[in-house]
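Basis for what follows: all heavy atoms, side chains included, without hydrogens, waters or symmetry-related copies. What you see is a predicted model; the values in this text were computed from it and never measured.
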Amino acid sequence: MMARAAVEQLRRAELIRAAIDEIGAAGSLDVTVGQIARRAGVSPALAHHYFGGKEQILVAAMRHILAEYGAEVRAALAAARDPRARLQAIITASFSPQNFRREVISAWLAFYLLARTRPEARRLLSIYHRRLSANLIHALRPLAGPRAVALAASTGALIDGVYLREVLSGGEPDGAAAVAMVVAHVEAALAAEDRA
């Protein structure tokens, strides 16, 4: 028989995955604890017991997505051997099949909305933005010199913008096309800097 702590950890993980899937299906935060619990195969009372309420489930889902994204970026950066490879690793991880899928894209939009009113969600997004910026600046500084900070900001904004636009598209997310678009932006900016 599973230990109680292991069962609780499993149930929490199921509820987090169910929250992401339910937000993805709804395309908004307009989901209930009951819907999330049903999708996870548990009672709403158990969901409330583990998390306290919908906001806490959503923040836990946000933490989960950010942790998966962070792990993927770190692994990609560990394999990168030069600044261009580091830049490519960050951009590619941002649009990997794990991160750039319909449910996660919808969840990101929902988290941005949640961050407008909830300090914990705002704090998590702020951490994400700072890490993305720091990683991009580190990769771009040898390539762009003093323009690295501005180019990192526009690249980060473009990554977020691709997610935002993808929310409105009806098709399957195309991570390869997204990577190509962001890389083309960076390469064009670097080429313009070289000509200046």
Side-chain angles (χ1 to χ4, degrees), residues 20 23-24 27-28 61-119 121-196:
I20 293 166
I23 291 167
S28 74
M62 187 175 177
R63 269 197 186 98
H64 175 76
I65 286 173
L66 288 169
E68 284 190 339
Y69 170 72
E72 194 157 347
V73 170
R74 285 189 299 279
L77 287 173
R81 298 293 167 233
D82 60 51
R84 266 202 163 70
R86 288 182 63 80
L87 184 61
Q88 182 74 37
I90 297 162
I91 295 168
T92 301
S94 295
F95 299 107
S96 72
Q98 177 178 313
N99 295 315
F100 200 59
R101 57 189 167 92
R102 183 69 46 215
E103 304 82 29
V104 174
I105 293 166
S106 292
W108 271 103
L109 180 61
F111 297 151
Y112 270 92
L113 293 172
L114 187 65
R116 293 189 63 206
T117 58
R118 300 294 174 225
R122 188 177 308 116
R123 186 183 74 75
L124 290 172
L125 277 178
S126 177
I127 290 168
Y128 155 73
H129 284 133
R130 284 196 309 268
R131 286 183 182 158
L132 176 61
S133 179
N135 284 331
L136 289 169
I137 290 168
H138 181 72
L140 286 165
R141 187 159 278 129
L143 303 170
R147 290 204 51 242
V149 173
L151 185 52
S154 67
T155 304
L158 182 56
I159 290 169
D160 287 348
V162 171
Y163 271 77
L164 182 60
R165 284 195 172 192
E166 190 60 42
V167 167
L168 302 174
S169 84
E172 193 60 32
D174 186 347
V179 168
M181 180 193 324
V182 177
V183 168
H185 159 77
V186 174
E187 291 298 338
L190 291 171
E193 176 71 17
D194 289 342
R195 288 192 302 270

Checklist line | Pair L125-W108, side chain to side chain contact (heavy atoms under 4.5 Å, CB included): steps then yes or no | finding: CA-CA 10 Å; L125 277 178; W108 271 103; 3.6 Å; yes

Item checked: Of all pairs that satisfy ring pair (Phe, Tyr, Trp, His ring centres under 6.0 Å), the ones with a partner from residues 65-98, not counting sequence neighbours ->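 Residue pairs with at least one partner in residues 65-98: Y69-Y128, F95-F100, F95-Y163.
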
Checklist line | Intermediate values then yes/no, side chain to side chain contact (heavy atoms under 4.5 Å, CB included), R141 and V149 | finding: CA-CA 8 Å; R141 187 159 278 129; V149 173; 4.0 Å; yes

Notebook entry, point to check: Taking atom types as modelled, is there a side-chain donor on S106 or E103 under 3.5 Å from an acceptor on the other?
Noted result: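 Absent: no donor and acceptor within the cut-off.
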
Which heavy atom of [X] sits nearest to which heavy atom of [Y], and what is that distance?
{"X": "R81", "Y": "A85", "result": "N-CB, 3.9 Å"}
{"X": "A107", "Y": "I23", "result": "CA-CG2, 3.7 Å"}
{"X": "N135", "Y": "I90", "result": "O-CD1, 3.4 Å"}
{"X": "A178", "Y": "V162", "result": "CB-CG1, 3.8 Å"}

With rounding to the nearest 0.5 angstrom, report the [atom1] to [atom2] distance, [X] to [Y].
{"X": "H129", "Y": "L124", "atom1": "NE2", "atom2": "CG", "value": "12.0 Å"}
{"X": "I91", "Y": "M181", "atom1": "CD1", "atom2": "CE", "value": "11.5 Å"}
{"X": "L87", "Y": "L140", "atom1": "CG", "atom2": "CG", "value": "5.0 Å"}
{"X": "I65", "Y": "I20", "atom1": "CD1", "atom2": "CD1", "value": "4.0 Å"}
{"X": "Y112", "Y": "L164", "atom1": "OH", "atom2": "CG", "value": "9.5 Å"}
{"X": "L109", "Y": "L168", "atom1": "CG", "atom2": "CG", "value": "8.0 Å"}

Check: Does a sphere of radius 6.0 Å around NE2 in H185 hold more than 12 heavy atoms from other residues, nucleotides or ligands, not counting ones at 6.0 Å or beyond?
Finding: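 Atom NE2 in H185 is crowded, with more than 12 foreign heavy atoms closer than 6.0 Å.
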
Applying side-chain hydrogen bond (donor to acceptor under 3.5 Å, both in side chains), name anything that partners [X], two or more places apart in sequence or on another chain.
{"X": "R131", "value": "none"}
{"X": "R116", "value": "none"}
{"X": "E72", "value": "S96, N99"}
{"X": "R63", "value": "E120"}

Item checked: N-O pairing of R102 and E172 below 4.0 Å ->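 Result for this pair is no, no salt bridge flagged.
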
Check: Any side-chain heavy atom of P83 sitting closer than 4.5 Å to one from R86?
Finding: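 Counting from C-beta outward, P83 and R86 never come under 4.5 Å.
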
Check: Should V186 and L158 count as side-chain neighbours, where that means a heavy-atom distance under 4.5 Å?
Finding: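 Counting from C-beta outward, V186 and L158 never come under 4.5 Å.
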
Check: Is there a donor-acceptor contact under 3.5 Å from the side chain of T92 to the main chain of A89?
Finding: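 Not at all, since once roles are kept as given, no pair shorter than 3.5 Å links the two residues.
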
Note to self: Run R130 and S126 through side chain to side chain contact (heavy atoms under 4.5 Å, CB included) and show every step you take.
What the structure shows: CA-CA 6 Å; R130 284 196 309 268; S126 177; 2.8 Å; yes

Checklist line | salt bridge (charged side-chain N to carboxylate O under 4.0 Å, His left out) partners of R84, counting only residues at least two apart | finding: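 Only E187 meet the salt bridge (charged side-chain N to carboxylate O under 4.0 Å, His left out) criterion with R84.
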
Next item on the list: Let me see the working for L132 and V73 under side chain to side chain contact (heavy atoms under 4.5 Å, CB included), right down to the final yes or no.
Entry: CA-CA 9 Å; L132 176 61; V73 170; over 6 Å; no

